[in-house]
Amino acid sequence: MQGEDHVPGVRPEVVISWHRCREQYRVDPHLTEAPVAVEQIDHTLEHDVVFTELGGLAVSVAQEVGNLNGIVTVTDATGRILAAWGDHATLRRASDSNLAPWFCWSECAAGTNGMGTALEAHGAVLVRGAEHWCQAFHNWVCAGIAVRDVVTRDPIAVLNISCWRTQLPEATGGWLSSAVATTQGTLRRRARDSGAGLLAAYTQARARSGTTLAAVDTAGKVVIADDTASVLMGVPASTPAVDPTLRWNPGLPDLIRVVRYASKQATHNPDWVGSTQIFTHLAEEPTPVGIRPVFRSGHLIGSLVTFGASDGEQLPEAEGPARPPVQPRRLVAMRDNRMVLLRRSEVSFAESDGNDVWLSTGEGRLRAASQGLDKFGSELADAGFLRVHRRYVVNLSRIREIERGLKGELFLVMDDRTNTMVPVSRRNAPAVRRALDI
């Protein structure tokens, strides 16, 4: 609250959450109750299944949690509590802070707490007493975990346990992880079935027409693409990727925008078909594309994308999220158990190592607090950072030289202490040339 960035004795994940509450969400730490949930989102049938499964799990432990003066809650992706079970006296006490159905407990609404912070994190989250951002919630101890869509990685729901002035059992985190693993397994099976459905739709469309074609899921990842589409998208040709963990990431921001718009339109009109133009790999000019949503048992599973087509409703060029994402003023990295706040100009490039992202800075190599290079690149796409390789995102302002290899490949020489050479993949080379005007 006083502006300090290093707080001794506080877990890094809690300090990072506080930093979001202070810098990004600007939550009033003197808030005494959670606000009413006003945001309305469309729940799919798949989401309803998740809510039902989590509700069943919550009911099964409600009496045991109630014996600890605790309650179990299930929230949706906005942090809105859908239902609560447990000790009746604790439920009445919880209602004084609006820890009850139809109130919102996202981080941006109520600060650091088990439900809201779980929506921001991967894995189980524990928030104890004064670790809550708002002082009025310091008597609570909460543990939550989010169920995430296995395709988009967006949160669907949170299962949470909250106790009043009572420590949670050590086994709480393990129980939450185990409970969510069951639900995630159901989602993975459905996602594989959806991948098979997209592959079947692609095969049928290929038999009817010879146009350049690809099938993508609701996150814009490629399930299969023909020979020409594979070149434009920078993915292997005619290689099915039914499993959601194996699907190809084309690294085309325009395609993700189109897929999200198509999903929104198809939700209200299953017969909707659209067209627009997007930048693809190895092309200096935008390419016309058509997009046709694909349904399976009434559930949207992805889209068929045709290249060179112009039929269907024209997508608005400026279409995007209703509220643009907030650009982080500083990047959060970790050094041992300390949080390091970096100006964006201090980061030369980011490199992925599995789920971890490592930042090259003047203070050495630091691990980013957020996981996943895709998320890192998308958050900073409008701040002068560009994805140049499946493993690298670079700060365009920190490029000192460009070197061409013997076979025409590009390398970026960064202006860090060692003049690190970052490779540019063939599919990302056109975007690099456009960004650097070369």
Any Pro250 side-chain heavy atom under 4.5 Å of Leu255 side chain: yes
Working for side chain to side chain contact (heavy atoms under 4.5 Å, CB included), residues Thr306 and Arg292: CA-CA 9 Å; Thr306 55; Arg292 181 180 298 274; over 6 Å; no
Test item: Leu331 and Phe376 side chains (from C-beta on) under 4.5 Å apart, heavy atoms: yes
Distance in Å, Thr75 OG1 paired with Asn113 CG, rounded so as to fall on 0.5 Å steps: 9.0 Å
Side-chain heavy-atom pair Val125, Glu120 within 4.5 angstrom cut-off: no
Heavy-atom pair of closest approach, residues Ala241 and Val222: CB-O, 4.1 Å
Leu187 vs Ile156 side-chain heavy atoms within contact, under 4.5 Å: yes
Pairwise side-chain contact, His19 with Val15, heavy-atom cut-off 4.5 Å (strictly under): no
Arg247 side chain vs Val242 backbone, donor-acceptor pair below 3.5 Å: yes
Arg80 CZ to Phe103 CZ distance, which is reported to the nearest 0.5 Å: 12.5 Å
Backbone N/O of Met414 and side chain of Asn419: donor-acceptor pair under 3.5 Å: yes
Arg260 and Ser263: side chain donor to acceptor below 3.5 Å: no
Residues, nucleotides or ligands: over 12 heavy atoms within 6.0 Å of Glu313 CD: yes
Distance-only polar pair, side chains of Asn395 and Ser397, donor-acceptor under 3.5 Å: yes
Considering all heavy atoms, the nearest Val127-Gly114 contact: CG2-N, 3.9 Å
CD (Glu409) with more than 12 external heavy atoms under 6.0 Å: yes
Heavy-atom side-chain proximity of Pro35 to Asn98 below 4.5 angstrom: no
Trp248 side chain vs Thr239 backbone, donor-acceptor pair below 3.5 Å: yes
Stepwise side chain to side chain contact (heavy atoms under 4.5 Å, CB included) test for Leu68 and Ile161: CA-CA 11 Å; Leu68 299 173; Ile161 297 176; over 6 Å; no
Side-chain (Ser230) to main-chain (Asp227) donor-acceptor, under 3.5 angstrom: yes
Pair Val332-Val340, side chain to side chain contact (heavy atoms under 4.5 Å, CB included): steps then yes or no: CA-CA 6 Å; Val332 182; Val340 181; over 6 Å; no
Any donor-acceptor pair under 3.5 Å from Ser297 side chain to His299 backbone: no
Side-chain (Glu64) to main-chain (Val61) donor-acceptor, under 3.5 angstrom: no
Closest approach of Cys104 to Ala110 (non-hydrogen atoms, all atoms of both residues): O-CB, 4.2 Å
Asp226 side chain vs Leu213 backbone, donor-acceptor pair below 3.5 Å: yes
Thr203/Arg206 under side-chain hydrogen bond (donor to acceptor under 3.5 Å, both in side chains): CA gap, chis, key distance, verdict: CA-CA 5 Å; Thr203 302; Arg206 284 280 293 168; over 6 Å; no
Sub-4.5 Å side-chain heavy-atom contact between Val393 and Leu373: yes
Heavy-atom check, side chain of Val413 versus side chain of Met421, under 4.5 Å: yes
Heavy-atom pair of closest approach, residues Arg387 and Asn428: O-ND2, 3.3 Å
Shortest non-hydrogen contact from Val72 toward Ala62: CG2-CA, 4.4 Å
Pair Trp105 + Phe137: ring centers closer than 6.0 Å: yes
Between OG1 on residue Thr420 and CG on residue Asp415, distance to nearest 0.5 Å: 10.0 Å
From Leu159 atom CG to Thr183 atom OG1, the distance as rounded to the nearest 0.5 Å: 8.5 Å
Spacing of CG belonging to Leu436 relative to CG belonging to Leu410, to within rounding of 0.5 Å: 9.5 Å
Check against side chain to side chain contact (heavy atoms under 4.5 Å, CB included), Arg367 and Asp353: CA-CA 10 Å; Arg367 181 171 59 84; Asp353 181 12; over 6 Å; no
Main-chain N/O of Arg153 paired with Arg148 side-chain donor or acceptor, under 3.5 Å: yes
Straight-line distance of Leu198 CG to Ile301 CD1, nearest 0.5 Å: 4.0 Å
Of Arg26, Arg20, Arg22, the residue whose pairing with Glu107 passes salt bridge (charged side-chain N to carboxylate O under 4.0 Å, His left out): Arg20
Under 3.5 Å donor-acceptor, Trp133 side chain and Cys21 backbone: no
Heavy atoms of other groups near Arg192 CZ, more than 12 under 6.0 Å: yes
Under 3.5 Å: donor-acceptor pair, side chain of Arg11, backbone of Leu126: yes
Ion pair Arg188/Asp243, N-O distance below 4.0 Å: no
Considering all heavy atoms, the nearest Ala350-Leu359 contact: CB-CD2, 3.7 Å
Short N-O contact, Asp217 and Lys221, less than 4.0 angstrom: no
